[in-house]
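Take a look at the structure below.
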Amino acid sequence: MDDKISHSLRNRLMERADTEIVEKLRSECGLSVTSIDDLVNTKERYKEAYPALLQLLNRDYPIRIREMIVRSLTVPDARDIAFDRLVKMYAEPEHVVTSRAIGYESYRSALANAISVLANRADREIIKQLAQDHKYGASRSAFVRSMSRWKDRSVDAIVLDALSDPDTQYAAVEAAGTRRLVSAVPELDKLVGSRNKDLARAAKRALQRMPRVD
């Protein structure tokens with residue numbers, strides 16, 4: 001959808017899409033919702049709506065609406081029906097290319113986060129591959145974060161690589177601290193002096209978590 005459309009037109013398109021989604025969820029799934037936002041914010045289960053939500057992702061809705069649909073599928077029990085489809089969507093060219101379109105970065109991050117949440121142990125190789133593929137940009141931070149507590153030493157090399165990539169640097173700093181990754185100390189020492197104050201503070205916290213070497 002054209003990123004140069006006016007703010008008012010974008011809002012009208014979003015309202016129209018939201019109304020269409022609500023009608024489908026009510027008529028086909030029996031859900032009492034007033035907006036797609038209701039599913040993102042509810043603690044109630046709505047497993048019966050997963051197939052309909054995946055179908056809705058195929059429509060040319062405004063990117064913000066598609067992001068909300070993805071977020072509504074970001075629940076562990078949606079894995080069997082949604083995981084493969086979301087991975088495929090994430091890899092589609094329109095979601096890979098660097099885009100300045102309003103909302104696209106947030107949408108890509110939502111897809112990556114959903115994939116990370118839905119993944120189980122059998123999917124870990126997929127997560128590692130996505131985390132290392134630089135064409136996916138900053139959204140890969142979700143994968144780096146999801147790997148931070150894995151008891152898998154091959155993750156260490158991925159975290160070290162992510163430390164040198166501005167797109168994933170902050171997530172990698174946090175992961176290095178969580179994993180107490182001593183081999184990351186030289187790079188963390190450099191980042192303590194970063195002009196990015198948030199990154200510098202995160203690097204300092206990570207260093208404080210490292211095991212003491214006598």
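As the structure is a prediction and not an experimental result, all values here were calculated from the model.
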| said: Could you work out, with side-chain contact (heavy atoms from CB on, under 4.5 Å) as the rule, every residue matching Glu23, not counting sequence neighbours? | reply: Thr19
| field | Arg12: partners by side-chain contact (heavy atoms from CB on, under 4.5 Å), with sequence neighbours left out | value |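 side-chain contact (heavy atoms from CB on, under 4.5 Å) list for Arg12, sorted by chain: Ser8, Leu9.
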Return yes if some donor-acceptor pair links the side-chain N/O of [X] with the main-chain N/O of [Y] below 3.5 Å, else return no.
X      : Y      : answer
Ser148 : Arg145 : yes
Thr168 : Ala162 : yes
Arg180 : Pro211 : no
Ser106 : Gly103 : no
Arg179 : Met147 : yes
Ser194 : Lys190 : no
Arg140 : Gly137 : yes

| said: Does the structure place the NZ or CZ of Arg108 under 6.0 Å from the centre of the six-membered ring of Tyr90, at an angle of no more than 45° from the ring's axis? | reply: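 Not flagged: Arg108 not positioned over aromatic ring of Tyr90.
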Considering all heavy atoms, the nearest [X]-[Y] contact:
X      : Y      : answer
Glu105 : Ala138 : OE2-CB, 3.8 Å
Ser72  : Val40  : N-CG2, 4.0 Å
Leu54  : Ala82  : CD1-CA, 4.0 Å
Ala110 : Glu67  : CB-CG, 3.7 Å
Ala176 : Val159 : N-CG1, 3.9 Å
Ala17  : Tyr61  : CB-CD2, 3.4 Å

Distance (rounded to the nearest 0.5 Å) between [X] [atom1] and [Y] [atom2]:
X      : Y      : atom1 : atom2 : answer
Asn113 : Ser141 : CG    : OG    : 11.0 Å
Phe143 : Ile127 : CZ    : CD1   : 5.5 Å
Glu15  : Ile65  : CD    : CD1   : 9.5 Å
Phe83  : Leu73  : CZ    : CG    : 13.5 Å
Gln169 : Asp167 : CD    : CG    : 9.5 Å
Ile115 : Met89  : CD1   : CE    : 9.5 Å

| query | For atom CZ of Arg59, is the number of surrounding heavy atoms from other residues, nucleotides or ligands below 6.0 Å larger than 12? | reply |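 Above 12, so yes.
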| request: For Arg26, look at atom CZ and say whether over 12 heavy atoms of other residues, nucleotides or ligands are found less than 6.0 Å away. | output: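 Counting other residues, nucleotides and ligands, CZ of Arg26 exceeds 12 neighbours.
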| query | Side chains of Asn58 and Arg85: do they bring a donor and an acceptor to under 3.5 Å? | reply | yes
| Short side-chain donor-acceptor distance under 3.5 Å, His134 and Asp165 | yes
| query | Can you list every side-chain hydrogen bond (donor to acceptor under 3.5 Å, both in side chains) pair that touches residues 29-40, not counting sequence neighbours? | reply | Asp18-Ser35, Thr34-Asp38
| request: Could you note down all residue pairs passing side-chain hydrogen bond (donor to acceptor under 3.5 Å, both in side chains) where residues 115-131 supplies at least one of them, sequence neighbours left out? | output: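 Those involving residues 115-131 are Arg79-Asp123, Glu125-Lys128, Lys128-Asp152, Lys128-Ser154.
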With heavy-atom distances below 4.5 Å as the criterion, would you say the side chains of [X] and [Y] are in contact?
X      : Y      : value
Leu31  : Val22  : no
Val33  : Tyr46  : no
Arg153 : Asp156 : yes
Leu160 : Glu187 : no
Leu191 : Asn196 : no
Val117 : Val75  : no

| What pairs with Arg45 under side-chain hydrogen bond (donor to acceptor under 3.5 Å, both in side chains), at least two apart in sequence or on another chain? | Asp77
| request: Determine, step by step, whether Leu39 and Leu53 satisfy the side chain to side chain contact (heavy atoms under 4.5 Å, CB included) criterion, reporting the C-alpha distance in whole Å, the side-chain angles of both residues, the deciding distance to 0.1 Å, and the verdict. | output: CA-CA 11 Å; Leu39 295 186; Leu53 290 167; 4.1 Å; yes
Return a table of donor-acceptor pairs under 3.5 angstrom between the side chains of residues 198-205 and protein atoms on other chains or two or more places apart.
unit_1, atom_1, unit_2, atom_2, d
Asp198, OD1, Arg201, NH2, 2.6
Arg205, NH2, Tyr170, OH, 3.4

| said: Assigning hydrophobic clusters by single linkage (Ile, Leu, Val, Met, Phe, Trp, Tyr; side-chain heavy-atom cutoff under 4.5 Å), is Val144 placed with Leu86? | reply: no
| message | Run the side chain to side chain contact (heavy atoms under 4.5 Å, CB included) test on Ser139 and Leu111 for me, step by step, so that the C-alpha distance in whole Å, both residues' side-chain angles and the decisive distance to 0.1 Å come before the verdict. | response | CA-CA 8 Å; Ser139 62; Leu111 276 171; over 6 Å; no
